[in-house]
Number of protein chains: 2
Amino acid sequence: MKKNKQGCDRQTCLVCRLCLKEWLPAVQAQKKHFDCKKGDVLFREGDPVTGIYFLYRGKVKVHKHWDEGKELIVRFAREGDIVGHRGIGADMVYPVTATALEPATVCYFELDFFNASLKVNHELLYELMLFYAWELQESEKRMRNLAHMPVKGRLANALITLKEKFGYDKDGFIAFPLSRQDLASYIGATYETTFRMLTAMIEENLVAVSGRYITLTNEEKLHRLREGPF
Amino acid sequence: MKKNKQGCDRQTCLVCRLCLKEWLPAVQAQKKHFDCKKGDVLFREGDPVTGIYFLYRGKVKVHKHWDEGKELIVRFAREGDIVGHRGIGADMVYPVTATALEPATVCYFELDFFNASLKVNHELLYELMLFYAWELQESEKRMRNLAHMPVKGRLANALITLKEKFGYDKDGFIAFPLSRQDLASYIGATYETTFRMLTAMIEENLVAVSGRYITLTNEEKLHRLREGPF
DNA sequence: TTAGGTGTATGATTTATGTCATAAAAATAA
DNA sequence: TTATTTTTATGACATAAATCATACACCTAA
């Protein structure tokens, strides 16, 4: 990660957006920008928590690991998203790893400063609380899916979610290229099964694929796949 | 659910514990107590969110459902625990159901009042945020386990967690009687597999069982089961 | 007392998904 | 360019866990 002198637009992240006028100079003084390239790790599961990140440019995957070689992608973060908040209040070690999926720029705050910001800025704290509440809901929904939904349903669900979060690009594909392996890790299945399911979905004309780009060709049926097996 | 005239001890729940002196009369005026018996439902998945509950006495399971008949228990709540917070900020419908596992008494706040409390009480808001952060971590850990850990490991993990949360009773069993079905729903497996795994664990002298009560007889090995298959 | 529900207990069978093996293709490095 | 690593692609096989079927034990309601 390289330090980046150029500042952010003071609009993208929560801290800047909700910042009190009086607190702005402090934010300006404290924040650090970093550039990172594809594959760079912002922080690793088990590392002591030092601060919190806001993604200013690029995409990042947040993932947990188990038993050498098995990973579960917990979340994909995009511009404006907060990353590293999972370390707050915790055992003071990051419970997840954050890895850049493409060149990215992050805005970083030391934990102490961020906490101080929360102390003085009620609105910021409230927004953060709401954000956690939302993430908790998402997480528990995925938990239930993992427990009861078959892989195909989880895949359909994931694709719909990705489409909703990232939208389509000019060519009509989900604006978020993903390796098959990352897709598999995201839905909590092996590479092979995910691949097979995707192939099946292509044959059924539910999705179309071009390299790492995917598009939904029959959302109706995909939605039904999430509802339950029939 | 029956209304309960008798007040709480003003010590158990977060709102009472962190309440500002000036705000206390309002709390006293607003809070409602309910008694419920085993099997009573506090609120159901999909119901519009009306308020938030604090458990004053008894135990409650918080569960999600999928496709008729399949449930996943998201959490067991005990005295002092908050229940219904998953509704905050959300689509305004509860994403989970809460069911009493034994006779219980709850303290209830209307959502508007609770939100107002958060507005005026920074400390309360901060604690709530930390609580969410913690729950999120737990949830994501369980998510990973569901994705990658075999049933036996999840069972071992669940038993250790339950023991840590509820402790042992005077007879040396986990102070939290659980039906096999609830145990199964908690680890995200079917009743039958859970039963078989439990039987296996009894044979291996890892646990001992008396009806719905369970005790850990070899924590060492149980801990190792969570680490990974070998 | 019987009857009927609910939870417990197990065997037999099926199936979804993971594991293993291998190879082509594509990307990246030398 | 060639070499080498990473990603994609598939088939064959193994197996964990779900499903189905059935029976018994234990309450508690009639």
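Convention: sequence-line order gives letters A, B, ...; per-chain numbering from 1. Basis for what follows: all heavy atoms, side chains included, without hydrogens, waters or symmetry-related copies.
- Between B:Tyr108 and B:Lys31, the closest side-chain pair of non-hydrogen atoms is not below 4.5 Å.
- A salt bridge links A:Lys59 to A:Glu79: at least one charged side-chain nitrogen sits closer than 4.0 Å to a carboxylate oxygen.
- In this structure, a donor-acceptor pair under 3.5 Å is absent between the side chains of A:Asn205 and A:Thr217.
- For the atom pair A:Ile73 CD1 and A:Leu101 CG, the distance stands at 7.0 Å (nearest 0.5 Å).
- Annotation: the terminal axes of the helix from C:dT1-D:dA30 to C:dA30-D:dT1 meet at 40°, where each axis is the rotation carrying the C1' atoms of four end pairs onto the next four (5 pairs per end, rounded to 10°).
- In this structure, the CG atom of B:Leu101 is 12 Å from the P atom of C:dG7, given to the nearest Å.
- Out of C:dG7, C:dT17, D:dT8, the shortest distance to the side chain of A:Ser179 is found at D:dT8.
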Fill in: Under 4.0 Å protein heavy-atom contact, by nucleotide of nucleotides 18-30 of chain D - B base, S sugar-phosphate only
SBB----------
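- Remark: A:Arg142 is positioned above the aromatic ring of A:Tyr186, its terminal NZ or CZ atom under 6.0 angstrom from the ring centre and at most 45 degrees off the axis.
- Screening residues 177-197 of chain B for salt bridge (charged side-chain N to carboxylate O under 4.0 Å, His left out) gives B:Lys61-B:Asp182 as the qualifying pairs, with residues at least two apart or on separate chains.
- Ranking C:dT8, C:dT17, D:dT10 by closeness to the A:Phe195 side chain, first place goes to D:dT10.
- Interatomic distance, NZ of A:Lys64 versus CD of A:Glu71, reported as 12.5 Å (0.5 Å rounding).
- A:Asp67 and A:Lys70 are not joined by a salt bridge, as no carboxylate oxygen comes within less than 4.0 angstrom of a charged side-chain nitrogen.
- The separation between A:His148 atom NE2 and C:dA16 atom P is 17 Å, rounded to whole Å.
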